[in-house]
Amino acid sequence: MPWPSRKRSQAATEDKKKPETKQAKHESHEESAMESSKPAEKSSGKVVKKEASSGGQGSKQTYSHWLLKSEPESRFEKGADVKFSIEDLKAEPNQTACWDGIRNYQARNFMRDMKLGQEAFFYHSNCKDPGIVGITKIVKEFYPDHTQFDEKDPHYDSSSSKEKPKWSMVDVQFVRMTKRFIALSELKAHHQEHKESGGPLKNMLLFSRHRLSIQPLTKEEFEFILTLEEKPR
DNA sequence: GCCAACGTTGGC
DNA sequence: GCCAACGTTGGC
């Protein structure tokens, strides 16, 4: 299936290295056709621009901040460990990694909307303590995910081709750890409260698109979460 | 390990 | 294009 979560090593960043490998989840589909046609896509695309939360009523608001899920604990997928914690990111050259292995159209489309310099929360998922642990920034906009062409990679996609790559990835660089761990449970409590009060987390996708490993955040959502850093829980 | 949510596949 | 079956994500 499609899904993704993770990313992995290598970074192409400035130096152009080639990518390495990594993974995330995988799966496949067909390209463009799918893109346009599948449900996920459409929703995603649109969501991105419009919705938004605050503000935007009809207009299209563009997301400028993101949340990236990654699994900090070992888990094997087709023989490969998908573990990639924020500590792993910090250990990469330039503290930068390519976010490969994303095999979900909605998540892929969000990656394609990511712009240089935008920030993303690094979220630990499928682990003992799920929540936000740090902040990263986009240091390379989308380009083909090399793992789709590698038959030995868990995320190989035989339906994709170098001429028409189906899957994309971006490079992200570690910025800093959040001042404290911001647990999913804490975000959820605010989310529920905000649903009634109309607060900034009322529409946070973390609670409605459970399976989306790459999520857009509005500026208001991002900033509200940053204020949580300052308050001891 | 269980299970709810939800995306994908594939028959028709 | 609908929809049931299936598979995956990911919290608990």
Side-chain angles (χ1 to χ4, degrees), chain A residues 1-8 22-48 51 66-86 88-89 99-113 120-134 145 147-148 153-160 166-169 181-195 201-217 221 225 228 233:
Chain A
M1 93 211 13
W3 261 100
S5 344
R6 133 218 19 335
K7 92 31 48 331
R8 244 192 166 333
K22 234 20 213 85
Q23 78 246 34
K25 304 309 341 343
H26 73 320
E27 219 73 19
S28 61
H29 302 348
E30 312 291 295
E31 245 277 4
S32 33
M34 293 207 118
E35 314 197 4
S36 22
S37 50
K38 64 192 14 312
E41 283 229 341
K42 31 173 91 161
S43 37
S44 53
K46 278 97 181 252
V47 170
V48 173
E51 154 136 32
W66 312 92
L67 180 146
L68 302 174
K69 295 183 184 176
S70 193
E71 302 184 36
E73 297 173 4
S74 285
R75 185 171 66 79
F76 291 84
E77 204 171 282
K78 296 183 183 172
D81 192 352
V82 299
K83 166 187 184 297
F84 194 77
S85 68
I86 195 154
D88 292 322
L89 174 62
W99 212 261
D100 64 5
I102 299 301
R103 297 294 182 270
N104 169 280
Y105 287 105
Q106 203 168 9
R108 180 201 68 182
N109 292 344
F110 282 135
M111 274 200 296
R112 291 181 175 184
D113 287 331
F121 284 125
F122 194 106
Y123 176 93
H124 279 171
S125 69
N126 199 19
C127 58
K128 201 137 338 187
D129 296 303
I132 291 170
V133 295
D145 176 346
T147 64
Q148 68 195 305
D153 191 278
H155 303 104
Y156 171 64
D157 184 352
S158 62
S159 69
S160 185
K166 183 179 295 184
W167 305 109
S168 302
M169 63 184 183
F181 171 67
I182 300 173
L184 169 63
S185 58
E186 182 177 353
L187 292 169
K188 183 181 290 179
H190 286 292
H191 168 63
Q192 310 217 270
E193 182 186 315
H194 289 184
K195 280 195 290 185
L201 300 193
K202 66 174 187 291
N203 293 324
M204 193 174 181
L205 295 184
L206 192 56
F207 305 102
S208 54
R209 318 303 322 249
H210 224 213
R211 304 177 49 188
L212 235 203
S213 64
I214 294 186
Q215 316 196 342
L217 294 182
E221 289 168 339
I225 293 168
L228 297 178
R233 210 225 197 258

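Proteins get letters first, then strands, A, B, ... in listed order; numbering begins at 1 in each.
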Next item on the list: Identify which nucleotide among B:dG7, C:dG11, B:dT8 has an atom closest to any side-chain atom of A:R209, counting heavy atoms from C-beta outward.
Entry: B:dG7
Item checked: Residue list, side chain to side chain contact (heavy atoms under 4.5 Å, CB included) with A:F207, at least two apart or on another chain -> A:L184, A:L187, A:K188, A:H191, A:M204
Item checked: Interatomic distance where OH belongs to A:Y105 and C1' belongs to C:dT8 [whole Å] -> 16 Å
Next item on the list: Would you indicate, yes or no, if C:dG10 has its OP1 or OP2 atom less than 4.0 angstrom from a side-chain nitrogen or oxygen of A:K69?
Entry: yes
Checklist line | Contacts of type side chain to side chain donor-acceptor pair (under 3.5 Å), residue A:Q148, not counting sequence neighbours | finding: A:S160
Note to self: Distance check needed: C:dG10 C1' versus A:Q215 CD, whole Å only.
What the structure shows: 12 Å
Next item on the list: Just jot down the side chain to side chain contact (heavy atoms under 4.5 Å, CB included) partners of A:S85, sequence neighbours excluded, or say none.
Entry: A:P72, A:K83, A:E87, A:D88, A:H124
Check: Which of the following nucleotides, C:dG10, C:dG11, B:dT8, is nearest to the side chain of A:K188?
Finding: C:dG11
Item checked: Gap between atoms CG and C1', on A:N126 and C:dT8 respectively (whole Å) -> 11 Å
Check: Got a second to check how far A:Q106's CD is from A:L212's CG, nearest 0.5 Å?
Finding: 4.5 Å
Next item on the list: Would you mind reading off the distance between A:Q106 atom CD and B:dG7 atom C1', rounded to a whole angstrom?
Entry: 9 Å
Note to self: Rounding to an integer number of Å, can you tell me how far A:F207 CZ sits from C:dG10 P?
What the structure shows: 13 Å
Check: What nucleic acid atoms does A:S208 come within less than 4.0 Å of, heavy atoms only: base, sugar-phosphate, or nothing?
Finding: sugar-phosphate
Next item on the list: Mind calculating the distance between CG (A:L205) and P (B:dG7) to the nearest angstrom?
Entry: 11 Å
Checklist line | Nearest-angstrom distance from the residue atom CG of A:L206 to P of B:dC6 | finding: 13 Å
Tabulate protein N/O versus nucleotide N/O from nucleotides 1-3 of chain C, keeping only pairs under 3.5 Å, one per line.
none

Notebook entry, point to check: Given C:dG11, is OP1 or OP2 found less than 4.0 Å from the side-chain N or O atoms of A:Y123?
Noted result: yes
Note to self: Holding to side chain to side chain donor-acceptor pair (under 3.5 Å), I want the full list of residues that pass it with A:S208, two or more places apart in sequence or in another chain.
What the structure shows: none
Checklist line | Rounded distance in Å - CG (A:N104) to P (C:dG7) | finding: 18 Å
Checklist line | Partner of A:L201 under side-chain contact (heavy atoms from CB on, under 4.5 Å), chosen from A:E221, A:Q192, A:K195 | finding: A:E221
Next item on the list: Just jot down the salt bridge (charged side-chain N to carboxylate O under 4.0 Å, His left out) partners of A:E73, sequence neighbours excluded, or say none.
Entry: none
